[in-house]
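Residue numbers run from 1 in the order of the sequence given. Reckoned from all heavy atoms, side chains included, excluding hydrogens, waters and symmetry mates.
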Amino acid sequence: MTSNSPTPKQLRLIIETDDFDSAIRFYRDVLGMPEQLAFATDGDDRVAILHAGIATIELATRTHAENIDEVEGAPHAPGALRIALEVDDTEKAVAAAQDGGAELIAPPVKTPFRSLNARVQGPAGWQVTFFQELETLEERGARDGFTTDDVRDR
């Protein structure tokens with residue numbers, strides 16, 4: 001690891017699922033992973049961020065995955081393996097990844113859910129999203145759209 005290497009603060013594994021209800025029931029209710037506030041719109045745009053120790057699992061419908069791709073300026077690649085790493089500085093993390101040979105998929109962009117996201121193509125077919133949080137979960141809790149799936153209007 002060089003001095004320019006990003007030091008991830010969080011690993012977030014994104015699992016795109018066509019059966020969101022079964023997935024959330026298994027990970028949240030059966031395995032006991034607590035759900036944190038997450039941003040989604042209406043209809044089939046569903047997401048749940050679940051704590052799994054020091055990692056989170058983000059369950060997303062195809063609609064939500066497509067919406068994130070649009071926000072990040074990345075083409076949607078159904079079935080693409082993607083991890084998301086929280087970092088202190090998205091721009092530095094992207095630069096370090098590119099220095100390490102990663103191809104830029106989408107440059108840093110401020111998202112509507114107040115993070116700075118960028119995406120690179122990592123090894124073995126995995127895409128890597130770097131995200132820098134621009135506000136706390138408590139601040140998000142006061143804004144429209146941030147709730148848990150069980151209380152979101154359907």
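- Once rounded to the nearest 0.5 Å, the distance linking CG of Asn67 with OG1 of Thr41 reads 5.5 Å.
- Scanning all heavy atoms of the two residues, the minimum distance from Val71 to Pro112 falls at CG1-CD, 3.6 Å.
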**Asked** Between Arg114 and Arg143, does a side-chain contact (heavy atoms from CB on, under 4.5 Å) hold up when you go through it step by step?
**Response** CA-CA 11 Å; Arg114 299 278 302 132; Arg143 294 195 307 108; 3.1 Å; yes

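- Judged as a ring pair (Phe, Tyr, Trp, His ring centres under 6.0 Å), and not counting sequence neighbours, the contacts of Phe146 are Phe39.
- In this structure, the salt bridge (charged side-chain N to carboxylate O under 4.0 Å, His left out) partners of Arg46, at least two apart in sequence or on a different chain, are Asp21, Asp149.
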**Request:** Go through the steps for Thr90 and Asn117 under the test side-chain contact (heavy atoms from CB on, under 4.5 Å), then give the verdict.
**Result:** CA-CA 7 Å; Thr90 295; Asn117 291 21; over 6 Å; no

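- The closest side-chain heavy-atom distance from Leu104 to Gln98 is below 4.5 Å.
- In this structure, Met33 is not a member of the same hydrophobic cluster as Ile49, with clusters built from ILVMFWY side-chain heavy atoms closer than 4.5 Å.
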**Asked** Should Leu134 and Phe113 be marked as a side-chain contact (heavy atoms from CB on, under 4.5 Å) after you check the CA-CA gap, both sets of side-chain angles, and the distance that decides it?
**Response** CA-CA 9 Å; Leu134 302 175; Phe113 31 93; over 6 Å; no

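- Minimum interatomic distance between Val47 and Ala38 (heavy atoms only, all atoms of both residues): CG1-CB, 3.9 Å.
- Judged as a side-chain hydrogen bond (donor to acceptor under 3.5 Å, both in side chains), and not counting sequence neighbours, the contacts of Arg82 are Thr129.
- Under the 4.5 Å side-chain heavy-atom criterion for grouping Ile, Leu, Val, Met, Phe, Trp and Tyr, Ile15 is connected to Ile24 within one hydrophobic cluster.
- Contacts classified as ring pair (Phe, Tyr, Trp, His ring centres under 6.0 Å) and involving residues 56-99 (residues at least two apart or in different chains) are not found.
- The nearest pair of heavy atoms linking Ala74 to Ile105 is CB-CG2, 3.7 Å.
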**Request:** May I have the step-by-step check of side-chain contact (heavy atoms from CB on, under 4.5 Å) for Lys92 and Val94, ending in yes or no?
**Result:** CA-CA 5 Å; Lys92 285 183 181 178; Val94 168; over 6 Å; no

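- Distance check: Ile57 CD1 to Leu11 CG gives 9.0 Å after rounding to the nearest 0.5 Å.
- Remark: Arg140 engages Glu133, Glu135 in a salt bridge (charged side-chain N to carboxylate O under 4.0 Å, His left out) (not counting sequence neighbours).
- Side-chain atoms of Gln10 and Thr56 form a donor-acceptor pair, as typed in the model, at a separation below 3.5 Å.
- Between Arg12 and Glu86, the closest side-chain pair of non-hydrogen atoms is not below 4.5 Å.
- Around atom CD of Glu103, no more than 12 heavy atoms belonging to other residues, nucleotides or ligands sit under 6.0 Å away.
- Around the CG atom of Asp150, the shell of radius 6.0 Å holds more than 12 heavy atoms that belong to other residues, nucleotides or ligands.
- When side chains are defined from C-beta on, Arg152 does not count as touching Thr148, because their heavy atoms never get closer than 4.5 Å.
- Put simply, OG1 on Thr111 and CZ on Phe131 are 10.5 Å apart, with the number rounded to the nearest 0.5 Å.
- Tyr27 contributes atom OH, which lies 9.5 Å from atom CG of Leu50 (distance to the nearest 0.5 angstrom).
- The shortest non-hydrogen separation linking Trp126 to Gln121 is O-NE2, 3.2 Å.
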**Item:** Trace of the salt bridge (charged side-chain N to carboxylate O under 4.0 Å, His left out) decision for Asp44 with Arg62
**Value:** CA-CA 8 Å; Asp44 194 43; Arg62 182 176 306 269; over 6 Å; no

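- Clustering ILVMFWY residues whenever any of their side-chain heavy atoms sit less than 4.5 angstrom apart, transitively, puts Ile14 in a cluster other than the one holding Leu85.
- Using a 4.5 Å heavy-atom cutoff, the side chains of Glu72 and Arg119 are in contact.
- Once rounded to the nearest 0.5 Å, the distance linking CD of Glu35 with CG of Leu59 reads 8.5 Å.
- Among all heavy-atom pairs drawn from Thr17 and Asp19, the shortest one is OG1-N, 3.1 Å.
- Cluster membership for Phe20 and Leu37, using ILVMFWY side-chain heavy atoms within less than 4.5 angstrom, is not shared.
- In plain terms, the two heavy atoms of Ala60 and Ala65 that are nearest each other are CB-N, 4.4 Å.
- When the salt bridge (charged side-chain N to carboxylate O under 4.0 Å, His left out) test is applied to Asp88, the partners found at least two apart in sequence or on another chain are Lys9.
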